[in-house]
Amino acid sequence: MATYEYQCSRCGPFDVKLEIGTAPKVYGCPVCTGTARRVYSSPGLSLTSNAVAALHLSEEQAREAPAVVSQVPPRRRVPRHPHPALSRLPRL
């Protein structure tokens with residue numbers, strides 16, 4: 001089922017749920033039973049966060065023009081912090 005938008009000249013806009021591809025150009029208004037014409041509007045899209053949009057953009061760019069490297073990047077050293085419980089152990 002898809003939602004189609006119609007505009008009645010007397011009552012204003014209203015939505016109708018019909019099977020996909022079966023929406024007629026004119027439809028009867030549910031309030032005044034007059035004819036209403038179909039209105040084409042943008043689809044209801046949800047906004048994504050900036051982080052998700054950036055990930056999608058980088059993925060699309062990598063697909064079209066992947067980054068080429070001449071050597072393996074150096075290994076990053078992660079600083080290791082000892083577990084706090086180790087300081088309480090007896091020293092020999």
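When a residue number appears, it is its place in the shown sequence, counting from 1.
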Asks: With rounding to the nearest 0.5 angstrom, report the CD to CD distance, Glu59 to Gln61.
Replies: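 Spacing of CD (Glu59) from CD (Gln61) equals 10.0 Å.
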Asks: Give, for atom CZ of Arg37 and atom SG of Cys29, the distance between the pair rounded to the nearest 0.5 Å.
Replies: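 Arg37 atom CZ to Cys29 atom SG measures 13.5 Å (nearest 0.5 Å).
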Asks: Does CG belonging to Asn50 count more than 12 external heavy atoms closer than 6.0 Å?
Replies: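 For Asn50, atom CG is not crowded (no more than 12 foreign heavy atoms under 6.0 Å).
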Asks: For Arg10 versus Gly34, what's the shortest heavy-atom pair and its separation?
Replies: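 That closest heavy-atom pairing would be NH2-CA, 3.9 Å.
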Asks: Which heavy atom of Ile20 sits nearest to which heavy atom of Ala2, and what is that distance?
Replies: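 Scanning both residues completely, I find the closest heavy atoms to be CG1-CB, 3.8 Å.
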Asks: Taking all heavy atoms of Arg38 and all of Ala23, pick out the closest pair and write down the distance.
Replies: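 That closest heavy-atom pairing would be NH1-CB, 3.8 Å.
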Asks: Could you check whether the rings of Tyr6 and Phe14 sit parallel, tilted or perpendicular, using 30° and 60° as the cut-offs?
Replies: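 Geometry flag for Phe14 against Tyr6: parallel rings.
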Asks: Measuring only between side-chain heavy atoms, which start at C-beta, is Pro82 closer than 4.5 Å to Ser87?
Replies: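 When only atoms from C-beta onward are counted, Ser87 and Pro82 do not touch, as no gap falls below 4.5 Å.
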Asks: Met1 and Lys17: which non-hydrogen atoms are nearest, and at how many Å?
Replies: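 Answer, listing the atom of Met1 first, then Lys17: CE-O, 3.7 Å.
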Asks: Are Thr35 and Ser9 packed together at the side-chain level, in the sense that at least one heavy-atom pair is separated by less than 4.5 angstrom?
Replies: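 No, too far: nothing below the 4.5 Å cut-off.
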